[in-house]
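Per chain, numbering begins at 1; letters A, B, ... match sequence-line order.
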There are 2 protein chains.
Amino acid sequence: MVERRLRRSGQRYTANRRALVDALREAPQPVTVAQLVEVTPSVVQSSAYRNLAVLERADAVHRVVTTDDFARYELAQDLTEHHHHLVCRSCGGVTDFTLSPEFEQRLESVLAAAAEGDDFDSDDHRLDVLGTCSNCS
Amino acid sequence: MVERRLRRSGQRYTANRRALVDALREAPQPVTVAQLVEVTPSVVQSSAYRNLAVLERADAVHRVVTTDDFARYELAQDLTEHHHHLVCRSCGGVTDFTLSPEFEQRLESVLAAAAEGDDFDSDDHRLDVLGTCSNCS
DNA sequence: ATGAGTGCAAAGGCTTTGCATTAGG
DNA sequence: CCTAATGCAAAGCCTTTGCACTCAT
């Protein structure tokens, strides 16, 4: 699946990229590049950044922005499951959660209507809850 | 209102801070620090960063994270009106939009339930629509 | 062969910080 | 007065980039 997306955008599925994707598959939640490099010592930092950028352009991974200074990555949601994030203001950590399909659908239609009104071409939404995780409270 | 919040957290409402808040009040949407400094030449960049941090801790302004490398700021939503953002993937620009009070309320209760299940102490949510703005399309 | 991918090191760019000076209460 | 705030410059830190080398096709 990831391989197909890479090929589609004219990219190879190299050992480094495989290692990164495997690591992301293992991760239960979005991880920073530093964490990723630590788990996959065969991939040096600059290659990790470059490959994550390639994977993102191929829609295989997704970059998650939280409140701290670290970019986090996760597998593309259509390779996993559509979900949202609990973002801890204290440690910057991210936990996934999902909403019912009914509510998701309702949300999508409401958002589509809002974007339409502003002549905005929407392709995704991002719904995060901010607060304090159980570890930090 | 802003002044009260600053005093509450033991901070002064100085000329620089006033200028920043006034500029934010004028801005129709979240603005970058660079834009802010440009509009308020009396405030140098480092003071802008420091003061925005103070104002954020006092809950007077709110830091908005988009997809580019620039932090954006807006007045705290309870000083304006609760709203959400259309974030352009191309230029990083942000436009505000609102949802109906009914839907907002529904959303809040759904999110509260989800956070509860993860033992997460939620205090806010952030709902952004990603896509392409009319300028960039 | 030949262009994409990689590693290392250096550079970029937004943001933060040290320090001497100024101003608010 | 005396602490907080300010300006300037320098440093930090995540991220990107240049360049030579290696690998896949």
Given DNA chain C, 5'-ward residue of the pair Tyr13(B) and Arg17(A), judged by closest heavy atom: Arg17(A)
OP1 or OP2 of dG5(C) under 4.0 Å from side-chain N/O of Gln11(A): yes
Val33(A) with Leu55(A), same ILVMFWY side-chain cluster at under 4.5 Å: yes
Per Ser46(A) side chain, nearest of listed nucleotides dT17(D), dA9(D), dT3(D): dT17(D)
Passing option when His84(A) is tested against Val129(A), Leu127(A), Thr98(A), Thr95(A) for side chain to side chain contact (heavy atoms under 4.5 Å, CB included): Leu127(A)
Touch class at under 4.0 angstrom, heavy-atom based, for Ala71(A) against every strand present: sugar-phosphate
Given DNA chain C, 5'-ward residue of the pair Ser47(B) and Thr14(B), judged by closest heavy atom: Ser47(B)
Atom-to-atom span, CD of Glu3(A) to C1' of dA24(D) - whole angstrom: 13 Å
Check: Leu36(B) main-chain N/O paired with Thr40(B) side-chain donor or acceptor under 3.5 Å: yes
Rounded interatomic separation in angstrom, taking CG from Leu52(B) and C1' from dT6(D): 14 Å
Separation of dT15(D) C1' from Arg72(A) CZ (nearest whole Å): 15 Å
d(CZ, Arg12(A); P, dT2(C)) in whole Å: 14 Å
Whole-Å distance separating the CG atom of Leu36(A) from the P atom of dT15(D): 12 Å
Phosphate OP1/OP2 of dT17(C) contacted by Arg50(B) side-chain N/O (<4.0 Å): no
Sugar-phosphate, base or nothing in reach of Ala53(B), heavy atoms under 4.0 Å: nothing
Nucleotide nearest Arg7(B) (side chain, heavy atoms from C-beta), chosen from dG5(C), dG25(C), dG7(D): dG25(C)
Electrostatic pair Glu102(B):Arg106(B) at N-O distance under 4.0 angstrom: no
Distance in angstrom units between Asn51(A) CG and dT6(C) C1', rounded: 9 Å
Asp128(B)/Arg126(A) salt bridge by N-O under 4.0 Å criterion: yes
Asn16(B) side chain near dA23(C) phosphate (N/O to OP1/OP2, under 4.0 Å): no
Nearest-nucleotide comparison on DNA chain D, the residue closer to the 5′ end among Ala15(B) and Asp69(B): Ala15(B)
Sugar-phosphate, base or nothing in reach of Thr32(A), heavy atoms under 4.0 Å: nothing
Any Tyr49(B) side-chain nitrogen or oxygen under 4.0 Å from OP1 or OP2 of dT16(C): no
Residue Gln45(B), side-chain atoms from C-beta onward, closest of dT15(C), dA4(D), dT16(D): dT15(C)
Minimum side-chain heavy-atom gap Ser9(B)-Arg57(B) below 4.5 Å: no
Protein-nucleotide distance (Arg18(B), atom CZ; dT6(D), atom C1'), rounded to Å: 16 Å
Rounded interatomic separation in angstrom, taking CG from Leu20(A) and C1' from dG5(C): 13 Å
